Amino acid sequence: MADTTLMDKLVSLCKRRGFVFQSSEIYGGLGSVWDYGPLGVELKKNVKDRWWRAMVHARDDIEGIDAAILMHARVWEASGHVAGFTDPLVDCRQCKNRFRADDPRIKGTPGQPDAQCPVCGSKGTLTEPRLFNLMFKTFMGPVEEQAAVVYLRPETAQGIYVNYLNVLQSSRQKIPFGIAQIGKAFRNEITPGNFIFRTREFEQMEMQFFVKPGTDAEWFERWREWRMQWHHELGLDPTRLRWHQHGPDELAHYARAAFDVQYEFPFGWQEIEGIHNRGDFDLGRHQEYSGKKLDYFEQATNERFIPYIVETSAGADRVTLTLLVDAYREEEVDGETRVVLGFHPAVAPIKAGVFPLVKKDGMPEVATSLYRDLKRRFPSFYDDSGAIGRRYRRMDEAGTPFGITVDGETTSGRTVTVRHRDSMQQERVSLDQVADYIAERV
Ligand code: GAP
């Protein structure tokens, strides 16, 4: 299957089955902004829940927070985003399109007569590069004046740094410890695309781990290992995951070292999570800009220092896309193409589909009652319309790992058929035990 075709098929499946819709679609859509439908919201929630369990609930040394999206404008001066979170852009005076200055489609040097616009083909119409800030700006209060400018946060990390002291004091943690947060971030990306891979509104799952200077390299390595393990445990194909180390020209302004977890998408190897050694950049800058002391006193050694930070920063939407791409497959079955999303049962949006074989002989009643029982324990779906084969296929496309059919033997022998999505094999399980049977496997 050609790679572009795979993405097209995935986008169409996501709409058909209710994973992801284009934002404001009835108005023609909004560029690179997407909405999650009934199945998509469950899938992404499973990603976020697993992250939260691994990072916050399963550990004693990480606390969670939920900071506001709007923050004091000085935060973004301290963080370096006002000055440095920019892309160089060029405009075509002829067709009015705008490009990143390093767009590989541009021939020649922008601003020079030889430069050629990649859209209209005009020569010498591209402007000199100008810096464009990626932060969305808005105004707080009724008057649009400079004093009231606020930004939609371009990363969640800053909400953690400005709350570092609050959390330290209220939770009685000691260094080393971390703060985790899941939340929306916004970037006015110039070259967004590839479905939900790069969007203008997205969700991050970020954790900042505060450590004593000198121990940062060791913690950095530990976090690299733990984070890669987390991606493996999502059920992703390990051969399509790898590390990419940032060279000196790639490092962000705050980073002393950085590694990306990359996944092999149909459009190439791309970052899904970044692990950064941020040194004392963040707390040092916030101390300078706020005038508030942010150093740490270590009683055991009588030392004061600004903690170093090891950051793990993953995109919830990117991981969701990774799960979709990794799970998508097509198979030939009895001369027909079967489309399957082979999710790990733990992340599948719906765990079980319940089907009465026919709409008579007491089957709908038994199936409805079973469905009600299951739904109390995990997301389940009831479907009594169409041939049973078609109902299985719909659940295959939704990635539902188990299909339970109530048939003639259910009413006589109190057993149901459990059909496994991947192997399509069927087995009989006692009606009383089917809920436990599935719960154990999801
Ligand atoms: N606090 C560090 C930080 O924000 P980043 O590499 O810019 O680092 C971290 O972003 C993660 O956030 C990325 O690995 C990606 O998963 C996600 N991300 C960043 N920009 C995104 C966008 N425009 N759309 C979707 N996800 C994005």
Side-chain angles (χ1 to χ4, degrees), residues 20 23 30-36 40 44 47-48 51 67 69 71 75-76 78-81 84-87 100 133-136 151-162 178-209 220 223-224 227-228 230-231 234 236 241-246 250-263 265 267 269-279 281-283 285-286 309-325:
V20 180
S23 162
L30 182 65
S32 289
V33 185
W34 298 88
D35 298 337
Y36 287 81
K44 184 160 129 178
V47 169
K48 292 187 287 183
W51 187 88
I69 287 170
M71 302 181 73
V75 167
W76 305 110
S79 69
H81 283 83
F85 196 51
T86 50
D87 272 346
R100 280 175 63 123
N133 197 295
L134 302 186
M135 282 196 294
F136 282 100
Y151 299 97
L152 299 189
R153 65 181 178 198
E155 61 171 11
T156 61
Q158 302 300 325
I160 294 183
Y161 306 140
V162 300
I179 305 177
Q181 156 161 246
I182 298 178
K184 290 267 185 171
F186 303 82
R187 296 183 189 175
N188 198 359
E189 299 278 6
I190 307 312
T191 44
N194 288 322
F195 195 27
I196 53 172
F197 178 80
R198 182 170 285 111
T199 54
R200 297 195 164 106
E201 174 177 341
F202 54 97
E203 250 179 312
Q204 288 187 313
M205 308 183 288
E206 296 202 302
M207 192 282 304
Q208 315 293 322
F209 206 74
F220 185 69
W223 275 111
R224 277 184 56 197
R227 292 308 304 149
M228 187 57 102
W230 183 82
H231 289 282
L234 285 177
L236 297 174
L241 286 166
R242 73 174 189 194
W243 285 111
H244 166 72
Q245 180 173 16
H246 285 213
E250 277 176 281
L251 280 180
H253 59 277
Y254 51 74
R256 301 160 74 94
F259 275 82
D260 294 338
V261 177
Q262 289 189 333
Y263 179 80
F265 288 98
F267 43 88
W269 286 94
Q270 296 287 343
E271 166 189 351
I272 52 175
E273 170 157 5
I275 321 289
H276 311 125
N277 182 345
R278 302 180 66 125
F281 177 83
D282 305 285
L283 292 186
R285 292 277 286 204
H286 284 302
I309 291 171
V310 174
E311 168 184 66
T312 72
S313 174
D317 311 84
R318 275 205 197 164
V319 175
T320 303
L321 178 63
T322 311
L323 285 172
L324 285 162
V325 168

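All values below were derived from every heavy atom in this structure, side-chain atoms included, with hydrogens, water molecules and symmetry-related copies excluded. Given the structure is predicted, the values throughout are model-derived calculations rather than measurements. Start at 1 and go down the list; that is how both ligands and their atoms are numbered.
With Trp34 contributing its side chain and Phe195 its backbone, the two residues share a donor-acceptor pair below 3.5 Å. Side-chain atoms of Gln204 come within 3.5 Å of backbone N or O of Thr156 as a donor-acceptor pair.
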- request: Just do the side-chain contact (heavy atoms from CB on, under 4.5 Å) check on Arg200 and Asn188 with the steps written out, would you?
  value: CA-CA 5 Å; Arg200 297 195 164 106; Asn188 198 359; 3.5 Å; yes
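In this structure, the side chains of Trp243 and Met228 come closer than 4.5 Å at one or more pairs of heavy atoms. Looking only at side-chain heavy atoms (C-beta outward), Phe220 and Arg256 stay at 4.5 Å or farther from each other.
Here Phe85 has no heavy atoms under 4.0 Å from ligand 1, in either its backbone or its side chain. Under 4.0 angstrom from ligand 1, the non-hydrogen atoms of Glu273 all belong to its backbone. Residue contacts with ligand 1, taken as heavy atom pairs separated by less than 4.0 Å, do not involve Arg153 at all.
The heavy-atom pair separating Ala157 from Glu206 by the smallest distance is N-OE1, 2.6 Å. Of all heavy-atom pairs spanning Ile196 and Asp317, the tightest one is CD1-O, 3.6 Å. Closest approach of Val47 to Val319, counting heavy atoms only: CG1-CG1, 3.7 Å. Heavy atoms only, all atoms of each residue included: Pro154 and Phe85 are closest at CB-CE2, 3.6 Å.
To the nearest 0.5 Å, atoms CD (Glu201) and CG (Asp35) are separated by 8.5 Å.
Evaluated for a side-chain hydrogen bond (donor to acceptor under 3.5 Å, both in side chains) with Asp260, the options His246, Gln245, His276 yield exactly one hit, His246. Screening His286, His81, Gln208 against Gln158 for a side-chain hydrogen bond (donor to acceptor under 3.5 Å, both in side chains) leaves a single residue, His286.
Look at Met205 and you'll find every heavy atom at least 4.0 Å from all atoms of ligand 1. Within the structure, the closest approach of Phe186 to ligand 1 does not fall below 4.0 Å when heavy atoms are considered. Using a 4.0 Å heavy-atom cutoff, Asp317 is absent from the residues neighbouring ligand 1. Within the structure, ligand 1 lacks Glu203 among the residues with a heavy atom less than 4.0 angstrom away.
In terms of protein heavy atoms, atom 14 (O) of ligand 1 is closest to Glu271 OE2, 2.6 Å. Closest to atom 18 (N) of ligand 1, if we only count protein heavy atoms, is Phe202 CE1, 3.6 Å. Distance from atom 9 (C) of ligand 1 to its nearest protein heavy atom, with residue and atom name: Ser313 OG, 2.9 Å. Closest to atom 17 (C) of ligand 1 among all protein heavy atoms lies Gly315 CA, 3.8 Å. For atom 24 (N) of ligand 1, the closest heavy atom belonging to the protein is Thr199 N, 3.0 Å. The protein atom (non-hydrogen) at minimum distance from atom 15 (C) of ligand 1 is Arg318 NH1, 3.4 Å.
Figure legend: Arg318 and Phe197 shown as a cation-pi pair, the cationic atom lying under 6.0 angstrom from the six-membered ring centre and within 45 degrees of its axis.
The Phe197 neighbourhood of ligand 1 comprises atoms 24 (N), 25 (C), 26 (N), with distances under 4.0 Å to a heavy atom of that residue. Numbered from 1 in the order shown, with element, the atoms of ligand 1 that lie under 4.0 Å from a heavy atom of Glu311 read 1 (N), 2 (C). Taking every non-hydrogen atom of Ile272 and a distance limit under 4.0 Å, the qualifying atoms of ligand 1 come out as 14 (O), 16 (O). Each of the following atoms of ligand 1 lies closer than 4.0 Å to a heavy atom of Glu206: 1 (N), 2 (C), 3 (C), 4 (O).
Of all the listed residues (Glu155, Arg200, Gln204, Arg278), Gln204 holds the heavy atom that lies closest to atom 10 (O) of ligand 1. Here atom 5 (P) of ligand 1 lies nearest to Arg187 when heavy atoms of Glu201, Gln270, Arg187, Gln208 are compared.
No N or O atom of His276 sits closer than 3.5 Å to an N or O atom of ligand 1. Remark: ligand 1 and Arg198 share no N or O pair separated by less than 3.5 Å (distance only, no angle test).
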